[in-house]
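All values reported here derive from a predicted model rather than from experimental measurement. The residues of the chain are indexed from 1 along the displayed sequence.
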Amino acid sequence: MNGKSALGAILVVIGALIVMKFVGINLNWIIGLIMPFILIGLGVVGIRNNSKIIGGILIVVGAILLISKLAGLFALLLAVGLIVWGVSLFKKRRNSI
């Protein structure tokens with residue numbers, strides 16, 4: 001894909017997002033989830049191009065944003081893990097009696 005094709009694809013995506021907003025389709029949560037991955041990717045590109053400080057900063061900022069976006073998922077996984085651990089403790093206690 002050459003530069004003009006990439007620019008055309010980006011313009012089509014941006015235009016589609018603007019039209020979707022006017023129609024009433026809201027994808028802000030997807031864009032909010034994709035942005036941390038974009039920052040992490042830019043950080044990796046920066047590190048590969050010998051710009052370790054800027055790349056590291058972008059990776060850290062992207063990771064912090066991603067953790068904050070996925071905090072609810074982490075809490076859910078923690079709750080499920082605690083439930084499974086508690087049930088396994090009950091089963092071990094019942095088998096030993």
Donor-acceptor list for residues 58-67 side chains, cut-off 3.5 Å, not counting sequence neighbours:
none

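- Under the side-chain contact (heavy atoms from CB on, under 4.5 Å) criterion, Ile18 pairs with Ile14, Phe22, sequence neighbours left out.
- Leu77 CG: more than 12 foreign heavy atoms inside a 6.0 Å radius.
- For Leu78, the CG atom counts as densely surrounded, since its 6.0 Å shell holds more than 12 non-hydrogen atoms of other residues, nucleotides or ligands.
- Cluster membership for Leu39 and Ile54, using ILVMFWY side-chain heavy atoms within less than 4.5 angstrom, is shared.
- Cluster annotation: Val80 is not connected to Leu73 through the hydrophobic network of ILVMFWY side chains, with a link wherever side-chain heavy atoms come within less than 4.5 Å.
- The hydrophobic cluster of Val45 has no other members, since no ILVMFWY side-chain heavy atom comes under 4.5 Å of it.
- Applying the side-chain contact (heavy atoms from CB on, under 4.5 Å) test to Val87 and every residue at least two apart in sequence or in another chain returns Ile83, Lys91.
- Under a hydrophobic clustering in which Ile, Leu, Val, Met, Phe, Trp and Tyr are joined whenever their side-chain heavy atoms come within less than 4.5 Å, directly or via other members, Met20 and Val12 fall into different clusters.
- The hydrophobic cluster containing Leu82 does not contain Leu76, counting ILVMFWY residues as joined when their side-chain heavy atoms lie under 4.5 angstrom apart, directly or transitively.
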